[in-house]
Amino acid sequence: MLLHRVKCFLNNQLTIKQAKQIHAQILITSLNHLQPSLVHQFLLSTTNYSASVFVYVREILYHLQKPDAFSWGCTVRFLSRHGQFEEAFSLYVEMQKLGLYPSTHAVSSALRACARTGSKTGGISIHAQVHRYGVCNCVFVQTTLVDFYTKLGDMDTAKRVFNEMLEKNVVSWNSILSGYLKAGNLGEAQRVFDEMPKKDVISWNAILSGYAKMGNMDKTLSFFQQMPEKSFASWNTLISGYMERGEIESARRFFDMMHRRNNITWITMIGGYSKCGDGKSARELFDEMPEKDHLAFNAMISCYAQNSEPKEALKLFDDMLKSGVNIQPDGVTLASVISACSQLGELRFGSWIESYINKHGIQMDDHMATALVDLHSKCGNVDKAYKLFNGLRKRDVVAYSAMIAGCAINGKAIDAIKLFQEMVEAQIQPNLATFSGLLTAYNHAGLVEEGYRCFNLMKDNGLVPSTDHHAIMVDLLGRAGKLEEAYKLIKSMPVKPHTGVWGALLQACSVHKNVEFGEIAAKHCFELEPSTGGYYSLLANIYASVGRWQDARRMRRNMDRKKLDKIPGCSWTEST
DNA sequence: ATAGGGTTAG
């Protein structure tokens, strides 16, 4: 009866709030009729779990008649195995406070949780206790310690613990091996690899991945061919290595060669196509994929969001919600969805997303918050953007760039410049997107000299200004009436200017009633986008403003005849 | 129980 209810609960995806309501009922039943430990064990053994199970496991633990070290340890292990690292660690701490002595299982599980979350203090405090609990000579505990220190980047301590081990198994060796690889020390990793008394497929995959990440695909391939046994991970490492280097054809060749693939294989390919802008191939594979999980949806939704197809991103998100109970969006999904909403400039979707996050109890992380910074600032709500920005756990180049751009488009040029300085002081390298925002700020403030200086600063940082950067610069010069200078800047561009660049010049010519450059700019706009009517009307305005009524009429007739749209969709013509 | 391969924002 109780197990039946538990099963019902597990099969239905319930929100945490709903789970807590039912929890009270089950608890009463279980305390009266059945052993809670049975429920507890059932929950721990289940594989078909939903988010609410994690709440349950803990709550029922509290109501066990004799919560001994074994029950606690099992729960810690369960949570750690299922990615609930914070929960696992906090339960471990609680168990200690009760004076219970954790087993080697509990200690290694808790350590693993600290390694995964990067909780330095947590792991070190566990390390300090291993003697007291008499678990310091356990190979599992020691191996997890090695892994913990390698994940912290502290190879000295990792190596010390490793050398002190009386007994080492292949996992211990693999841990120290992957530590050197993570630290980028391929030489030492190769030495460890050669020295290993026993190698398994994971050792081979680790060294394979090391060479793949270095971009040395010849070496990677030769290791791959030498391997005595290959797993999915081996193939996937090879494919992702090729994708990372942009060798899409090679990646595809090996992908096609595989007799069986797992979801990681498919997602690696989809992600690779996404990064090189081939959304069409990505979608083809996505459609072919036999059992799409939420990570596959995440990869595909992000592909659309990153390749300027926000509507497709939202459509696929909708499909994801309809696809069934076992595919649920997570924070990663929402970060991409928020980005798509932002590109559409639709606050409606934005507030819908926010209520979705609250309703489903999805944890706000820095990725999501950064996407929201961008969304809110595009909708004119800089205060909200600032609040989110200030709440970030760590501010990186993406977060700074979003906030700088947010200030810039909302007329807070001084704030934008201040943020940029702050970022440089924090030793965070600015990139192309950062400078887009900064240039926009100078543009907004009409600071021509600073704009030029910024342009040169980009080059000092080894960055090549893109067409978009030129467009902003042309706009800045154009607004200041420096039309000839703007024109010269366009002529000096290494790549072909797009309508954003010529459109900015045309707009400036319209403001300053300049026929000479206006005609040139308009001509390019007509060629590049013959069906956008706004360019014809801008030139018509220029003619009209200097009294050339006949030419103005000719332009308007031109426009009518083609039944053109009225306004060009350029943000800088609308932003003021 | 401990190790390797995938998705994340400007």
Side-chain angles (χ1 to χ4, degrees), chain A residues 73-74 76-78 80-81 103-112 115 135 138-148 150-151 169-179 181-182 200-210 212-213 231-241 243 262-272 274 293-303 305-306 330-340 342-343 365-375 377-378 392 396-406 430-434 436-437:
Chain A
C74 286
V76 170
R77 198 191 79 194
F78 174 83
S80 174
R81 277 198 68 85
S103 64
T104 55
H105 290 243
V107 173
S108 53
S109 298
L111 257 173
R112 177 181 194 258
V135 295
C138 165
V139 63
F140 296 109
V141 170
Q142 287 170 316
T143 300
T144 321
L145 274 173
V146 170
D147 190 55
F148 168 75
T150 63
K151 287 208 165 69
N169 61 22
V170 66
V171 182
S172 326
W173 282 93
N174 285 343
S175 294
I176 198 87
L177 172 67
S178 69
L181 290 168
K182 192 174 173 278
D200 65 3
V201 67
I202 292 184
S203 332
W204 282 93
N205 287 343
I207 196 91
L208 198 70
S209 139
K213 287 211 171 78
S231 67
F232 278 130
S234 328
W235 288 88
N236 296 341
T237 303
L238 186 70
I239 289 175
S240 104
M243 275 302 192
N262 66 3
N263 278 5
I264 298 180
T265 322
W266 290 92
I267 293 165
T268 306
M269 288 297 295
I270 292 170
S274 168
D293 57 9
H294 76 283
L295 296 178
F297 273 94
N298 286 355
M300 197 60 226
I301 290 171
S302 143
C303 173
Q306 292 299 307
D330 61 4
V332 178
T333 326
L334 289 168
S336 292
V337 171
I338 293 164
S339 157
S342 166
Q343 289 172 48
D365 64 6
D366 281 2
H367 285 282
M368 239 163 86
T370 303
L372 283 170
V373 165
D374 176 59
L375 176 79
S377 41
K378 285 226 175 76
L392 289 173
D396 64 0
V397 60
V398 184
Y400 267 110
S401 303
M403 199 60 231
I404 288 170
N431 62 20
L432 287 174
T434 323
S436 280

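Lettering follows sequence order; numbering is per chain, from 1. Given the structure is predicted, the values throughout are model-derived calculations rather than measurements.
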Checklist entry - Is A/H367 stacked on the base of B/dA9, with ring centres under 5.5 Å apart and planes under 30° apart? => result no
Checklist entry - What is the distance, rounded to the nearest whole Å, between atom CZ of A/F148 and atom C1' of B/dA1? => result 17 Å
Checklist entry - For the side chain of A/N263, counting heavy atoms from C-beta on, which of B/dA9, B/dT2, B/dG6 is nearest? => result B/dG6
Checklist entry - Under 3.5 Å, side chain of A/S108 to main-chain N/O of A/T104, donor-acceptor pair present? => result yes
Next on the checklist: Students often get this wrong, so: under 4.0 angstrom with heavy atoms, is A/A405 touching a base, only sugar-phosphate, or nothing?
Outcome noted: nothing
Checklist entry - Between B/dG6, B/dT8, B/dA1, which one does the side chain of A/T104 approach most closely? => result B/dA1
Item to check | A/L238 CG - B/dG6 P separation (whole Å) | outcome: 13 Å
Checklist outcome for this item: Looking only at B/dT8, B/dG4, B/dA3, the nucleotide nearest the A/N205 side chain is B/dG4
Next on the checklist: Expressed as a whole number of angstroms, how long is the span from A/I202:CD1 to B/dG4:C1'?
Outcome noted: 5 Å
Item to check | A/S336, nearest nucleotide to its side chain (from B/dT2, B/dT8, B/dA1) | outcome: B/dT8
Checklist entry - What nucleic acid atoms does A/K182 come within less than 4.0 Å of, heavy atoms only: base, sugar-phosphate, or nothing? => result nothing
Checklist entry - Out of B/dT2, B/dG6, B/dT7, which nucleotide sits closest to the side chain of A/S240? => result B/dG6
Next on the checklist: Looking at the base of B/dA9, is there any donor atom on it, or on the side chain of A/D366, that sits under 3.5 Å from an acceptor on the other one?
Outcome noted: no
Next on the checklist: Once you apply a heavy-atom cut-off of 4.0 Å, does A/D293 come out as touching a base, just sugar-phosphate, or nothing?
Outcome noted: base
Checklist outcome for this item: Out of B/dG4, B/dT8, B/dG5, minimum distance to the side chain of A/S231 belongs to B/dG4
Next on the checklist: As a test of reading the structure: which of B/dA9, B/dA1, B/dG6 is closest to the side chain of A/V398, going by heavy atoms?
Outcome noted: B/dA9
Next on the checklist: Suppose we screen for salt bridge (charged side-chain N to carboxylate O under 4.0 Å, His left out). Which residues come up paired with A/K182, at least two apart in sequence or across chains?
Outcome noted: none
Checklist entry - A/F140 has a side chain; which of B/dG5, B/dA3, B/dT2 sits nearest to it? => result B/dT2
Item to check | Nearest-Å distance for atom pair CD/C1', residues A/Q306 and B/dA9 | outcome: 8 Å
Checklist entry - Among the nucleotides B/dT2, B/dG6, B/dT8, which one has an atom lying closest to any side-chain atom of A/S302? => result B/dT8
Checklist entry - What distance separates A/I270 CD1 from A/S302 OG, expressed to the nearest 0.5 Å? => result 11.0 Å
Next on the checklist: Within the 4.5 Å heavy-atom criterion, are A/L181 and A/S209 side-chain neighbours or not?
Outcome noted: no
Checklist entry - Is a donor on one side and an acceptor on the other found under 3.5 Å between the side chain of A/S342 and the backbone of A/I338? => result no
Next on the checklist: Taking any heavy-atom pair under 4.0 Å as a contact, classify A/T265: base, sugar-phosphate, or nothing.
Outcome noted: nothing
Checklist entry - Checking all strands, does A/T434 fall into the base, sugar-phosphate, or nothing category for heavy-atom contacts under 4.0 angstrom? => result base
Checklist entry - Just wondering, do A/V139 and A/S172 contact through their side chains at under 4.5 Å, heavy atoms? => result yes
Checklist entry - When you measure from the side chain of A/A299, which nucleotide among B/dT7, B/dA9, B/dT2 comes out closest? => result B/dT7
Checklist outcome for this item: A/R77 CZ to B/dT2 P, in whole Å, measures 9 Å
Checklist outcome for this item: Atom CD of A/Q142 and atom C1' of B/dA1 are separated, to the nearest Å, by 14 Å
Checklist entry - Whole-Å distance between B/dA3 C1' and A/R81 CZ? => result 12 Å
Item to check | For atom NE2 of A/H105 and atom P of B/dA1, their distance in whole Å | outcome: 7 Å
